[in-house]
Participant: 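For reference, the structure I am asking about is given below.
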Amino acid sequence: MPERSLDITSFDSSEWSEWVDLENDFEIPPASMTEIINGGQTFLWHTLETDKRWVGLVDEQLVQLRISSGDRLEFSSLKIQEPIAERLVDWLIPPEEYAANMAPLYLLEDAYLKQCIEHFRGLRVLNQPLEEILLTFLCSSNKQIVQIKRMLQLIAQHFGKPVWEGFYTYPSWETISQLELEDLLQCGTGYRGKYILGSAQKIAEDTESFFKKLRDSESPEAKKLLMELPGVGSKVADCILLYGGKRYEAFPLDTWILKAMRERYGLKKESNPQILDFAKTHFGKNAGLAQQFIFAYERKVREL
DNA sequence: GTCCAGGATCACT
DNA sequence: AGTGATCATGGA
């Protein structure tokens with residue numbers, strides 16, 4: 001499908017609320033905010049005017065973010081919507097919680113990781129709905145981030161709920177389970193289409209209990225449950241646990257991280273399970289957070 | 001045209 | 001248990 005991406009630079013500001021200070025000391029530099037938005041954990045957000053403004057959905061609410069001249073994080077939402085400040089802070093992870101999550105990483109003796117963290121100060125794993133993250137990472141395999149974005153944009157546009165011009169929520173798993181394969185192929189999913197549909201049909205047998213069981217399980221068991229879905233292997237399962245389940249020990253081993261582990265940590269001939277094992281031991285209980293900094297830095301130094 | 005992308009799966013040893 | 005080919009699709 002051609003469908004050029006929408007022009008969102010022409011917002012009618014009269015429909016938006018005044019900018020409001022989030023009243024939390026987030027301390028996120030603009031470049032790090034763009035990495036949060038574009039770095040492959042959330043896919044329907046837009047960065048406007050080069051690191052000046054970010055627009056997207058939090059659950060079903062449309063939000064803009066910006067950083068004031070005093071380095072304060074501010075937001076604005078549609079006037080027709082309910083206030084959303086509390087959920088927004090929760091989505092971004094409150095600063096105190098963030099600091100506590102990062103603390104174990106600062107204790108590590110790892111000059112390379114320190115460099116990655118310094119370069120992307122404030123970079124964080126968002127607290128997004130598990131249901132959405134499962135869909136997004138089912139689409140992610142063997143695709144570039146910009147392609148995953150377009151795929152998901154089309155899926156939301158065709159089968160999700162419209163929120164505002166150009167912005168749609170993701171469809172529910174019930175909705176997806178009733179689609180034809182052709183519907184998904186038309187969104188550019190390729191061979192992932194049958195995985196998405198197959199997973200949806202399995203989940204939709206009892207959606208609530210599926211996600212409840214997932215949330216109630218210990219991480220190893222949750223990973224096993226996820227990998228029973230078609231299209232979910234070890235890496236995708238770890239992404240879902242990390243980005244949709246606050247399971248910060250999950251360590252997604254993608255091509256970039258593999259490159260880093262081989263070149264920066266000397267794991268030249270180790271197998272993937274061995275590398276995963278090393279990473280979990282070396283980086284400790286919040287290994288997944290370390291992974292996010294390394295991923296961002298590796299892509300950055302190779303200019304992507 | 002070739003290579004590769006935030007891999008998973010199946011068919012082979 | 002560990003490799004290799006194959007899977008759609010689009011960008012570089």
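By convention in this document, chain letters (A, B, ...) are assigned in the order of the sequence lines, proteins followed by strands, and residues within each chain are numbered from 1. Hydrogens, waters and symmetry mates play no part in the numbers below; they use all other heavy atoms, side chains included.
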Participant: Between A:Leu138 (CG) and B:dT9 (C1'), how many Å, whole number?
Facilitator: 14 Å
Participant: What integer distance in Å separates A:Lys149:NZ from C:dG10:P?
Facilitator: 18 Å
Participant: Does any N or O in the side chain of A:Thr169 come within less than 3.5 Å of the main-chain N or O of A:Gly160, such that one atom is a donor and the other an acceptor?
Facilitator: no
Participant: What distance, rounded to whole Å, do you find between the two P atoms, one in C:dA5 and one in B:dC4?
Facilitator: 14 Å
Participant: Expressed as a whole number of Å, how far does the C1' atom of B:dG1 sit from that of C:dG10?
Facilitator: 15 Å
Participant: What residues, two or more places apart in sequence or in another chain, satisfy side chain to side chain contact (heavy atoms under 4.5 Å, CB included) together with A:Ser69?
Facilitator: none
Participant: I need the CG-C1' distance between A:Asp254 and B:dA8, as an integer number of Å.
Facilitator: 15 Å
Participant: Is A:Gly40 touching bases, backbone alone, or none of the nucleic acid, heavy atoms closer than 4.0 Å?
Facilitator: base
Participant: Rounded to whole angstroms, how far apart are CG on A:Leu197 and C1' on B:dA8?
Facilitator: 17 Å
Participant: When you get a sec, tell me which of C:dC7, C:dG11, B:dG6 is the closest nucleotide to the side chain of A:Gln147?
Facilitator: C:dG11
Participant: Mind checking the P distance from C:dA8 to B:dA11? Whole angstroms is fine.
Facilitator: 15 Å
Participant: Identify whether the distance between the nearest side-chain nitrogen and carboxylate oxygen of A:Glu60 and A:Lys161 falls below 4.0 Å.
Facilitator: yes
Participant: Could you list all the salt bridge (Lys or Arg N to Asp or Glu O under 4.0 Å) pairs where at least one residue sits in residues 123-143 of chain A, not counting sequence neighbours?
Facilitator: A:Glu131-A:Arg215
Participant: Should the pair A:Arg87-A:Asp90 be classified as a salt bridge under the 4.0 Å nitrogen-to-oxygen rule?
Facilitator: yes
Participant: Would you call the rings of A:His119 and A:Tyr297 parallel, tilted or perpendicular, where under 30° means parallel and over 60° means perpendicular?
Facilitator: perpendicular
Participant: Do any of residues 188-196 of chain A sit with a heavy atom less than 4.0 Å from DNA chain C, and if so which?
Facilitator: A:Gly190, A:Tyr191, A:Arg192
Participant: A:Ser141 or A:Val146: which one's nearest nucleotide on DNA chain C is closer to the 5' end?
Facilitator: A:Ser141
Participant: Could you tell me whether A:Tyr243 contacts a base, only the sugar-phosphate backbone, or nothing, with contacts defined as non-hydrogen atoms closer than 4.0 Å?
Facilitator: base
Participant: What's the closest nucleotide to the A:Arg150 side chain, out of B:dG7, C:dG10, B:dG6?
Facilitator: C:dG10
Participant: For the ring pair A:Phe283 and A:Tyr265, is the centre-to-centre distance below 6.0 Å?
Facilitator: yes
Participant: Please report, rounded to the nearest Å, how far the C1' atom of B:dA5 is from the CZ atom of A:Arg299.
Facilitator: 10 Å
Participant: Just the rounded figure in Å: distance from C1' of C:dA8 to CD of A:Gln186.
Facilitator: 15 Å
Participant: Think A:Ser234 has a side-chain N or O under 4.0 angstrom from the OP1 or OP2 of B:dA8?
Facilitator: no
Participant: Assign the ring pair A:His282 / A:Phe278 to parallel, tilted or perpendicular, where the plane angle (0 to 90°) is split at 30° and 60°.
Facilitator: parallel
Participant: With rounding to the closest Å, how many angstrom separate the P atoms on B:dT2 and C:dT6?
Facilitator: 15 Å
Participant: What is the distance, rounded to the nearest whole Å, between atom CG of A:Leu226 and atom P of B:dG7?
Facilitator: 17 Å
Participant: Could you state the CD-C1' distance from A:Gln153 to C:dT9, rounded to the nearest angstrom?
Facilitator: 17 Å
Participant: Report the residue (A:Leu229 or A:Leu253) whose heavy-atom-nearest nucleotide on DNA chain B is the more 5′ of the two.
Facilitator: A:Leu253
